[in-house]
Amino acid sequence: MKKENSSTFFEDVYELTKLIPKGRVSSYGAIARALGKARGARAVGWALNNAALVPDVPAHRVVNSKGILSGKNHFGGNRMQELLEAEDIAVKDDKIVDFEQLYWDPNVELFK
DNA sequence: ATTATGACTTCAC
DNA sequence: CGTGAAGCCATAA
């Protein structure tokens, strides 16, 4: 009935990524942890790889633990940076400025 | 079922 | 603090 794709994992990642407020960013590990796969940061990146094909998923708000636009290359050049700057997010040297300040932890915000 | 790859994370030196 | 290596999850071949 609701299998849609073969994995709900992608849906979970989509939902969580969509929940990221504008002007905020998150990390793969945080999302993976929120999904119960604390060590599935790579799996999240894989899911976001599909998410990149979905306009409803702001994957540009998701970066690695260092706040670096790891997937910038997958966005097609500086597209990811432009999207972040469009959200009032400062990007310098392919990494988020004040990442700690803009960091949005789903586990904290959703579990608080 | 096994091997290889990938938008990662963490530990060790 | 910087670099290197290992680990873990999911997908594709």
Side-chain angles (χ1 to χ4, degrees):
Chain A
M1 313 243 220
K2 229 39 194 355
K3 289 270 216 74
E4 319 250 329
N5 294 331
S6 309
S7 307
T8 52
F9 183 74
F10 283 52
E11 290 185 12
D12 290 340
V13 176
Y14 294 157
E15 293 291 305
L16 197 52
T17 306
K18 289 183 197 172
L19 292 175
I20 300 176
K22 178 177 176 290
R24 289 280 191 267
V25 291
S26 187
S27 64
Y28 303 94
I31 295 171
R33 202 161 76 176
L35 298 178
K37 276 88 180 158
R39 278 90 201 171
R42 297 182 95 149
V44 174
W46 216 226
L48 284 181
N49 185 19
N50 276 288
L53 312 175
V54 182
D56 294 328
V57 181
H60 58 270
R61 291 181 187 155
V62 184
V63 294
N64 65 4
S65 16
K66 290 176 190 139
I68 301 172
L69 311 187
S70 335
K72 158 198 136 142
N73 195 18
H74 284 263
F75 266 77
N78 58 338
R79 189 134 167 227
M80 189 172 184
Q81 182 173 332
E82 299 245 329
L83 289 168
L84 288 170
E85 291 183 334
E87 308 241 330
D88 294 295
I89 299 174
V91 179
K92 181 84 168 186
D93 196 23
D94 292 339
K95 43 187 163 188
I96 307 289
V97 179
D98 296 328
F99 174 62
E100 301 176 14
Q101 192 175 336
L102 299 172
Y103 184 72
W104 182 80
D105 190 338
N107 306 288
V108 175
E109 299 298 318
L110 300 176
F111 279 80
K112 77 174 184 309

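Chain A is the first sequence line, chain B the second, and so forth, proteins listed ahead of strands; every chain is numbered from 1. All values below were derived from every heavy atom in this structure, side-chain atoms included, with hydrogens, water molecules and symmetry-related copies excluded.
Distance from the side chain of A/R39 is smallest to C/dC9 among B/dC8, B/dA7, C/dC9. Nearest to the side-chain atoms of A/S27 among the listed nucleotides B/dG6, B/dT9, C/dA10 stands B/dT9. Of the candidates B/dA7, C/dC9, B/dT9, the closest approach to any side-chain atom of A/A41 belongs to B/dT9. For A/R42, the side-chain atoms get nearest to C/dC9 when compared with the rest of B/dA7, C/dA10, C/dC9. Among B/dG6, B/dC8, C/dC9, the nucleotide with an atom closest to any side-chain atom of A/K37 is C/dC9.
When every heavy atom of A/F99 is checked against every heavy atom of A/V63, the shortest pair comes out as CE1-CG2, 3.5 Å. A/A47 and A/V13 make their closest contact through CB-CG2, 3.7 Å (heavy atoms, listed as atom of the first residue, atom of the second, distance). When every heavy atom of A/R61 is checked against every heavy atom of A/L84, the shortest pair comes out as CA-CD2, 4.2 Å. What you find for A/T17 and A/P58 is that their closest heavy atoms are O-CG, 3.5 Å.
Protein atom OH of A/Y28 is 4 Å distant from nucleotide atom C1' of B/dA7, rounded to whole Å. The interatomic distance linking A/L35 (CG) with B/dT9 (P) rounds to 14 Å, in whole Å. Nucleotide B/dC8 holds its C1' atom 14 Å from the CG atom of A/N49, rounded to whole Å. Protein atom CG of A/L48 is 15 Å distant from nucleotide atom C1' of B/dT9, rounded to whole Å. If you take CG of A/N50 and C1' of B/dT5, they are 15 Å apart, rounded to a whole angstrom. Note: CD1 (A/I20) to P (B/dA7) measures 19 Å, nearest angstrom. Whole-Å rounding puts the A/R33 CZ to C/dC9 P distance at 15 Å. Across the protein-nucleic acid pair, A/D94 atom CG and B/dA7 atom P stand 15 Å apart, rounded to whole Å.
With contacts defined as side-chain heavy-atom distances shorter than 4.5 Å, the pair A/R33/A/D105 qualifies.
Panel note: side chain A/S26, backbone A/W104; a donor-acceptor pair is recorded below 3.5 Å. In terms of modelled atom types and a separation under 3.5 Å, the side chain of A/D93 and the main chain of A/K95 share no donor-acceptor contact.
Taken residue by residue, residues 59-82 of chain A places no heavy atom nearer than 4.0 Å to DNA chain C.
Using a 4.0 Å heavy-atom criterion, one finds that A/A47 contacts no nucleic acid atom at all.
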